[in-house]
Asker: 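This is the structure, below, for whatever I ask next.
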Amino acid sequence: MSILGKHYFAGQWRPATGQTFPSTSPARLSETIGTFPLGTKADADEAVAAARAAFPGWRRTSRILRAELFDNLAQLVKRETDNLAHLMARECGKVVTECRAEVIEGLHMIQYVFGTGRMPTGDILSSEIAEKDAFMRRKPWGVAAVITPWNFPFAVPLWMLGPSLVEGNTVVFKPSEDTPAIGQRIVELFAEAGFPPGVINLLHGEGEAGEALVKNPGVNCVLFTGSYEVGKRIAEISAGFHDRIVASETGSKSAVIVCEDAKLDLAVTAGIISAFKTSGQRCVSAGRILVHEKLIDAYAEKFVSVAKRLHIGDPLDANNFTGPVINKAAMEKIERYNVLAKEEGAEILLVGQAFQPDSQAGKPDLRGCFLSPHIYRIKHGPKVRCIHEEVFGPHLALIPFKDNEDAVRIYNDTEYGLSLAIITESYRTMRYFRDECDYGMGYVNLPCIGAEVHLPFGGVKKSGNGHPSAAGLIEAVTHKTAWTVNHAEEVKMAQGLTTDVK
Ligand code: UN1
């Protein structure tokens with residue numbers, strides 16, 4: 001049954017009154033998941049007004065009571081885990097087991113936020129004056145705009161909604177136009193958990209709705225994960241509001257570095273997961289694997305033989321490793337980069353191909369955006385576009401390096417800095433990369449994907465603007481205030497300032 005999409009403003013579900021857009025399954029392009037209202041400027045303004053109106057009451061609600069609503073939400077997400085995973089698999093094409101893991105990741109954020117309700121939220125500081133008590137206390141900014149991508153349509157919204165709401169902000173949530181159904185399901189669960197009207201508002205739509213939301217002066221902070229271009233546009237618009245906070249995660253050309261002493265099987269498994277899990281469509285996915293020149297022949301052979309055997313097919317089939325890519329435009333972009341790699345002198349080890357997997361008996365026909373891994377070997381060069389630009393798909397370069405210094409130079413020679421994995425047995429080597437490379441998330445003897453919510457998540461350079469999400473987001477959604485109380489019966493000042501009033 002096709003879902004009837006609705007905005008959610010001030011606790012009211014609002015069906016489309018104007019234009020709509022469909023959500024289509026990338027594995028079955030003939031399957032429409034639902035039809036959703038195409039948000040306009042008027043809708044964005046209404047959503048922000050609802051969030052602003054709800055802010056004073058929500059801010060004054062006990063932080064512990066706000067947190068306890070997340071406990072209600074956790075119970076609902078546990079009840080709905082399989083349904084959420086199934087809907088997500090249909091809507092964004094990730095394999096259902098992976099979708100389940102994503103729901104669990106979102107649940108972990110909810111549990112984390114609930115747990116912080118009774119944890120300290122500020123600091124007690126000393127004063128030069130014995131009778132003065134000094135505190136650091138956090139205050140919410142006001143209204144947060146939460147703009148999220150299709151590739152993590154459940155966990156990433158929760159990374160942002162959780163800290164924003166528990167700290168007392170109200171929100172307008174605009175999910176990706178590729179995954180509006182899962183976005184709407186999240187808001188239905190917040191409503192069922194008892195979050196009051198106006199505290200969370202849902203705005204469906206495309207660029208127009210997003211742009212209007214960001215241009216609204218009633219928005220105090222914008223929390224964004226998506227492309228660098230959109231992140232840059234948000235930053236440009238937001239520069240017009242001098243106290244506006246923008247926290248953005250944008251783009252990457254993440255890498256695995258396979259050192260001379262690496263365990264080969266571990267390095268291959270870490271590389272395959274980093275490059276091809278989620279069809280290479282995580283923001284942290286590896287587009288590059290840097291391999292020590294002495295290992296690269298053996299590594300390439302093993303890596304390609306494993307990649308050839310990967311099961312790519314129906315996202316509803318738990319036995320598959322990956323499903324399709326998100327849509328036809330993504331397929332065309334990835335295929336253009338596959339061609340470009342050859343033009344730029346790559347030795348192609350495995351040709352990425354568009355294909356249609358066999359449909360299983362009893363399941364509806366698969367006609368979707370299926371693309372197999374494209375793997376090539378190429379020397380690093382400063383102008384080689386396919387190893388500098390983000391492709392966001394199953395497109396991978398194996399790049400040889402001579403020594404650890406060379407690997408650091410190659411790794412850092414992109415405009416991005418998001419995720420890094422080092423495969424080594426040496427603690428000195430590990431430490432060298434840890435200190436010399438540009439990244440937000442670093443891993444040793446692991447893939448460069450798979451972060452957990454209680455760690456900060458964010459990048460540097462074109463990958464992010466220094467405000468990590470998940471647990472780290474508290475710094476962006478609150479401002480710190482100093483609160484100083486004098487217990488003496490006369491005024492006493494710090495720095496030896498006299499109090500004579502003459
Ligand atoms: C993303 O790719 O946008 O670290 C988020 C990971 C996941 C989150 C990825 N926990 O791979």
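Every number for a ligand or one of its atoms is a count from 1 in the order of the listing. What's counted below: heavy atoms across the whole structure, side chains too, no hydrogens, waters or symmetry copies.
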Asker: Under 4.0 Å between a side-chain nitrogen and a carboxylate oxygen: does that hold for E102 and K94?
Answerer: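 Answer for the salt bridge query: yes.
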Asker: Are Y376 and H395 an aromatic pair by the rule of ring centers under 6.0 Å?
Answerer: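 Yes: the rings meet the under 6.0 Å criterion.
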Asker: Closest approach of S419 and Y443, non-hydrogen atoms and distance?
Answerer: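 That closest heavy-atom pairing would be OG-CE1, 3.5 Å.
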Asker: Look at E390 together with K462 and state whether they make a salt bridge at an N to O cut-off of under 4.0 Å.
Answerer: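 Salt bridge between E390 and K462, a charged N being under 4.0 Å from a carboxylate O: no.
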Asker: More than 12 non-hydrogen atoms from neighbouring residues, nucleotides or ligands closer than 6.0 Å to CD on Q356, yes or no?
Answerer: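 More than 12 within 6.0 Å, yes.
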Asker: Below 3.5 Å only, please: the N or O atoms of ligand 1 paired with protein N or O atoms, distance on each line.
Answerer:
from, atom 1, to, atom 2, distance (Å)
ligand 1, 2 (O), C283, N, 2.7
ligand 1, 4 (O), G450, N, 3.1
ligand 1, 4 (O), A451, N, 2.7
ligand 1, 10 (N), E105, OE1, 3.0
ligand 1, 10 (N), E105, OE2, 2.9
ligand 1, 10 (N), A451, O, 3.2
ligand 1, 11 (O), R282, NH1, 2.7
ligand 1, 11 (O), G450, N, 2.8

Asker: Does a side chain donor of either N72 or E68 reach within less than 3.5 Å of an acceptor in the other side chain?
Answerer: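 N72 vs E68: no donor-acceptor pair found between side chains.
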